[in-house]
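A note on names: the letters A, B, ... follow the listed sequences, proteins ahead of strands, and every chain is numbered from 1. What you see below is based on every heavy atom in this structure, not just the backbone, and it leaves out hydrogens, waters and symmetry mates.
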Amino acid sequence: MAFSSSLLTIPPSTLHVLPASDPPYNLLQTHPSLTLLSKCKSIQNLKQVHTHIIKTGLHNTHFALSKLIEFCAVSPFGDLSYALLVFETVENPNQIIWNTIIRGYSLGSKPLQAVEFYVRMILSGVEPNSYTFPFLLKSCAKFGAAQEGKQIHGHVLKLELDSDAFVHTSLINMYAKNGELDNARLVFDKSPLRDAVSFTALITGYVSSGSMDDARRLFDEIPIRDAVSWNAMISGYAQSGRFEEALVLFLEMRKANVAPNESTMLTVLSACAQSGSLDLGKWVASWIEDHGLSSNVRLVNALIDMYSKCGALDTARGLFDAMHQRDVISWNVMIGGYTHESRYKEALALFRLMLRLNAEPNDVTFLGILPACAHLGALDLGKWIHVYIDKKFQSLTNTCLRTSLIDMYAKCGNIEAAKQVFDDMEAKSLASWNAMITGLAMHGHANAALELFSKMADEGFKPDDITFVGILSACNHGGLVDLGRQYFSSMTKDYHISPQLQHYGCMIDLLGRAGRFDEAEALMKTMEMKPDGAVWGSLLGACRIHRRVEMGEFVAKHVFELEPENAGAHVLLSNIYAGAGRWDDVARIRTRLNDMGIKKVPGSTSIEVDSVVHEFLVGDKVHPLSKEIYEMLREVDRLLDMAGFVPDTSEVLYDMDEDWKEGVLSHHSEKLAIAFGLISTKPGTTIRIVKNLRVCGNCHSATKLISKIFNREIIARDRNRFHHFRDGSCSCNDNW
DNA sequence: CTAGGGTTAG
């Protein structure tokens with residue numbers, strides 16, 4: 001504490017205040033120097049006015065000096081240190097001048113200096129008054145200075161100022177902000193002063209401590225509610241996730257004929273956004289227009305956010321494009337909207353526009369844009385952002401941002417870079433550990449993931465359900481059946497985490513792959529929830545690996561029941577039939593798929609070259625370098641053929657979609673992307689591709705060979721995991 | 001010269 005708190009226990013002296021010796025008030029008030037004061041926009045302006053005041057002899061008046069000090073201390077264009085310089089020149093400053101300096105401190109970043117100044121005021125013999133305490137108490141509230149606040153409360157009582165409405169409310173607010181709700185309540189209950197303002201101060205205390213029901217009881221007692229009281233309650237509900245109640249209260253506010261203001265609408269729009277209440281959101285939009293607030297940046301930002309979260313992204317973009325002025329939040333909201341709706345390419349495009357317009361991105365921008373990089377595999381852009389963050393946010397140890405970088409690097413295939421960021425982090429969060437463990441799991445580094453898990457415990461972190469999804473998927477991708485079982489049981493027994501669908505999914509996938517169908521089935525029977533399509537689907541995949549036709553039929557029935565449109569499952573079943581040479585059944589499925597009009601999600605593969613993401617569909621001929629790509633493809637096939645590669649046609653049904661008719665196996669999107677990578681990057685460069693579906697067996701075998709023939713490391717992400725192809729083999733050990 | 005709220009992005 002910078003001041004001795006014993007000073008505060010000095011009873012306030014009763015020295016009288018110096019009588020004012022100023023010329024008549026109205027003469028001064030209209031003095032040109034003082035009119036100029038209010039027009040000052042910088043400290044330079046202000047110094048000129050000060051000079052003028054001195055020249056005209058006004059500096060001998062308390063009034064002019066107090067006005068000057070007030071401006072310096074309170075105005076956003078002022079300067080508190082200048083106010084102090086002027087203060088020191090004042091002979092016997094009066095109460096107003098002392099109060100103004102205290103007020104100035106209460107607004108600044110070191111509000112406790114207000115208390116130091118207050119002590120100085122008392123020691124100089126000037127008695128604090130009803131104006132002094134609101135500033136002082138605000139300082140204590142701002143700084144969380146509970147002890148000082150209590151002592152100051154004592155002074156208030158001694159001076160019998162607790163009957164002043166302003167002081168009274170300030171006391172309630174101070175206690176409420178310092179988390180001493182009981183004291184706040186005591187002050188409130190003891191006084192007959194019960195206006196909307198003091199009610200609201202206490203309500204806000206309850207709201208911020210999460211006691212919405214206490215807040216509501218008080219709110220219902222307020223004799224006359226003003227907009228601020230309504231806003232406090234509405235935002236309280238919104239912040240505690242009770243959006244419906246927030247919106248209902250807003251409607252009641254309308255019924256009570258209390259005019260909403262900008263704050264009300266910001267809160268309401270946020271609640272609409274989070275609860276998907278598009279209709280009410282639209283109503284607010286017209287309210288904003290009717291009130292001539294269409295160029296209010298904050299309101300329009302909130303509208304954009306509401307529209308994009310309610311699924312009307314293009315309406316949001318229309319508003320965004322029409323804005324004359326935007327701030328960083330406008331950007332961020334729009335980018336976040338695209339990311340949220342999985343429109344990653346548009347998110348990146350908007351980010352590029354942002355940079356072109358010289359708008360400065362901030363941490364929130366990157367939290368929106370890094371997941372988009374991660375999804376698209378845009379490693380170059382991700383790296384650029386990493387450099388940017390290191391340059392601009394060096395001093396800032398933003399754990400979220402670092403974690404987002406780990407996730408981006410891992411999902412873009414650069415697990416080494418992810419590890420580097422992780423190791424360099426000063427303050428790790430549970431999310432950071434989870435991102436790293438999940439990343440290692442995706443890359444098939446099962447043992448590294450498990451090692452990190454034990455290290456995590458050593459450093460005092462408690463794993464959560466997400467950690468275990470990572471751990472179990474590590475075991476799964478590494479084919480570690482025994483360890484998988486152990487971790488699964490440890491999760492419930494040692495960590496008391498009840499398994500969710502994802503955990504069961506990992507385990508059943510793991511057991512199925514290992515051919516432990518009985519055990520997988522037994523585990524499914526213990527599930528307290530119904531297995532979803534993904535769980536049955538992974539079992540179906542296991543049936544394909546182990547050529548279990550009958551069980552495959554049984555399992556597929558369950559998948560079709562849950563997800564009749566799941567084309568992937570139909571394809572899997574047909575592959576199972578194809579594996580058994582049951583071509584009639586293969587044809588039957590093909591017909592059924594056509595009859596049902598089920599469209600297979602088209603396979604697409606993207607590859608980033610020179611910071612541009614190129615996307616390929618099967619048989620794609622729209623790329624500007626299409627001719628060269630297909631030339632390379634022919635060369636690839638020729639070399640594969642020479643190396644004795646025999647295409648595996650057992651999964652040929654992958655090609656059954658109408659659009660795929662012309663696409664033979666060799667024109668799968670991953671092959672196109674690899675061919676493009678081969679012609680557009682220097683020899684020896686690692687090729688990184690991202691596929692939206694699972695890699696087909698044929699492409700997997702072909703890619704292994706390509707990595708050897710062309711001496712390239714090829715890192716491929718499919719919808720489940722990573723494959724590192726190198727020198728003719730793959731990191732997944734053909735287990736995927 | 002004073003008190004209560006809201007701050008849309010994550």
Side-chain angles (χ1 to χ4, degrees), chain A residues 63 66-67 69-71 73-74 94-104 106-107 128-138 141 161 164-174 176-177 184 188 193 195-205 207-208 218 222 225-236 238-239 260-274 284 288 296-309 326-337 339-340 361-371 398 400-401 403-404:
Chain A
F63 183 77
S66 82
K67 278 290 162 203
I69 290 169
E70 183 191 350
F71 180 86
V74 179
N94 62 17
Q95 276 175 314
I96 294 178
I97 295 177
W98 281 100
N99 288 347
T100 306
I101 296 287
I102 293 175
R103 183 182 176 197
S106 79
L107 297 171
N129 62 8
S130 65
Y131 286 83
T132 316
F133 289 104
F135 304 133
L136 209 50
L137 291 166
K138 194 180 215 168
L161 288 172
D164 180 275
F166 286 87
V167 176
H168 175 242
T169 310
S170 301
L171 278 170
I172 296 172
N173 182 50
M174 182 272 294
K177 286 261 159 61
F188 178 83
L193 294 167
D195 55 5
V197 185
S198 56
F199 263 103
T200 309
L202 189 54
I203 286 175
T204 310
V207 165
S208 54
L218 265 176
I222 309 183
R225 303 177 187 89
D226 60 14
V228 180
S229 344
W230 285 96
N231 289 354
M233 276 311 292
I234 295 173
S235 88
Q239 276 167 19
N261 55 24
E262 182 191 334
S263 315
T264 322
M265 292 320 198
L266 285 173
T267 310
V268 169
L269 281 173
S270 166
C272 288
Q274 291 176 81
V284 176
I288 288 171
N296 178 314
V297 178
R298 296 202 297 189
L299 282 172
V300 178
N301 288 346
L303 273 179
I304 293 175
D305 184 49
M306 182 277 294
Y307 279 124
S308 51
K309 292 225 173 90
R326 306 183 184 104
D327 61 13
V328 68
I329 294 179
S330 322
W331 296 101
N332 289 349
V333 174
M334 202 60 233
I335 288 174
T339 305
H340 190 251
N362 63 12
D363 50 344
V364 180
T365 319
F366 296 129
L367 288 175
I369 213 74
L370 283 171
N398 189 331
C400 284
L401 211 46
T403 303
S404 201

Exercise for the section: Identify whether any heavy atom of A:Leu269 sits under 4.0 Å from a base atom; if not, whether one sits that close to sugar-phosphate; answer base, sugar-phosphate or nothing. Expected result: nothing
Handout entry: Base of B:dC1 and ring of A:Tyr131 stacked, centres under 5.5 Å, planes under 30°
Key = yes
Problem - Rounded distance (Å) that lies between atom C1' of B:dA9 and atom CG of A:Leu299 - result: 15 Å
Handout entry: Base B:dA3 paired with A:Ser170 side chain (donor-acceptor, <3.5 Å)
Key = no
Handout entry: B:dT8 phosphate, OP1 or OP2, under 4.0 Å from A:Gln239 side-chain N/O
Key = no
Practice task
Identify which nucleotide among B:dA3, B:dG5, B:dT7 has an atom closest to any side-chain atom of A:Leu266, counting heavy atoms from C-beta outward.
Solution key: B:dT7
Problem - A:Val364 side-chain proximity, nearest of B:dT7, B:dG4, B:dA9 - result: B:dA9
Practice task
Figure out the CG/P separation between A:Asn362 and B:dT8, and round it to whole Å.
Solution key: 13 Å
Exercise for the section: Could you tell me whether A:Gln274 contacts a base, only the sugar-phosphate backbone, or nothing, with contacts defined as non-hydrogen atoms closer than 4.0 Å? Expected result: nothing
Practice task
Kindly point out which of B:dA3, B:dC1, B:dG4 is positioned nearest to the side chain of A:Asn99?
Solution key: B:dC1
Problem - Short side-chain N/O contact to B:dA9 OP1/OP2 from A:Lys309, under 4.0 Å - result: yes
Practice task
Classify the nucleic acid contact of A:Ile96 as base, sugar-phosphate or nothing, counting any heavy atom under 4.0 Å across all strands shown.
Solution key: base
Exercise for the section: When you get a sec, tell me which of B:dT8, B:dG4, B:dC1 is the closest nucleotide to the side chain of A:Arg298? Expected result: B:dT8
Problem - Minimum heavy-atom distance between A:Leu161 and A:Ser130, given as atom pair plus value - result: CD1-N, 3.8 Å
Handout entry: Closest nucleotide among B:dG4, B:dC1, B:dG5 to the A:Asn231 side chain
Key = B:dG5
Exercise for the section: For A:Arg103, answer base if it contacts any base atom (sugar-phosphate contacts may also be present), sugar-phosphate if it contacts only those atoms, and nothing otherwise; contact means non-hydrogen atoms under 4.0 Å. Expected result: sugar-phosphate
Practice task
Could you check if a side-chain atom of A:Val297 sits within less than 4.5 angstrom of a side-chain atom of A:Ser330, using non-hydrogen atoms only?
Solution key: yes
Exercise for the section: Would you indicate what A:Ala196 reaches in the nucleic acid, counting non-hydrogen atoms under 4.0 angstrom: base, sugar-phosphate, or nothing? Expected result: base
Completion exercise
Among the nucleotides B:dC1, B:dT8, B:dG4, whichever has the atom closest to the side chain of A:Ser270 is B:dT8
Fill in the blank from the handout: Taking every heavy atom of A:Leu299 against every heavy atom of A:Asn296, the minimum-distance pair comes out as N-OD1, 3.0 Å
Practice task
May I ask you to say what A:Ser229 touches in the nucleic acid, namely base, sugar-phosphate or nothing, with a heavy-atom cut-off under 4.0 Å?
Solution key: base
Problem - Phosphate contact (B:dA3 OP1 or OP2) by A:Lys138 side-chain N/O below 4.0 Å - result: yes
Practice task
Give a yes/no answer on whether the side chain of A:Asn173 brings an N or O atom under 4.0 Å of OP1 or OP2 in B:dA3.
Solution key: no
Exercise for the section: Report which part of the nucleic acid A:Ser130 touches: base, sugar-phosphate, or nothing (heavy-atom distance under 4.0 Å, all strands). Expected result: base
Handout entry: Under 4.0 angstrom between A:Thr267 side-chain N/O and B:dT7 OP1 or OP2
Key = yes
Handout entry: Residue pair A:Leu370 / A:Leu401: nearest heavy atoms and the distance that separates them
Key = CD1-O, 4.3 Å
Handout entry: A:Ser170 and A:Asn173 side chains, donor-acceptor separation under 3.5 Å
Key = no
Practice task
Spell out yes or no: do the side chain of A:Asn261 and the base of B:dG5 have one donor N/O and one acceptor N/O closer than 3.5 Å?
Solution key: yes
Practice task
Would you indicate which nucleotide in B:dT7, B:dA9, B:dA3 comes nearest to any side-chain atom of A:Val197?
Solution key: B:dA3
Practice task
Give A:Asp305 one of three labels, base, sugar-phosphate or nothing, depending on what nucleic acid heavy atoms sit under 4.0 Å from its own.
Solution key: sugar-phosphate
Exercise for the section: Describe the nucleic acid contact of A:Ala165 in one word from base, sugar-phosphate, nothing, applying a heavy-atom distance below 4.0 Å. Expected result: base
Problem - Nearest-nucleotide pick for A:Lys177, side chain only, options being B:dG5, B:dC1, B:dA3 - result: B:dG5
Exercise for the section: Classify the side chain of A:Asn332 versus the base of B:dG10 as yes if they form a donor-acceptor pair under 3.5 Å and no if they do not. Expected result: no
Practice task
Tell me which nucleotide among B:dG4, B:dT7, B:dT8 gets nearest to the side chain of A:Thr200.
Solution key: B:dG4
Exercise for the section: Considering non-hydrogen atoms only, spot the tightest contact between A:Tyr131 and A:Asn99 and give its length. Expected result: CB-ND2, 3.5 Å
Practice task
Mind calculating the distance between CG (A:Leu161) and C1' (B:dC1) to the nearest angstrom?
Solution key: 15 Å
Completion exercise
Between A:Gly236 and A:Val207, the two heavy atoms sitting closest are CA-CG1, 3.5 Å
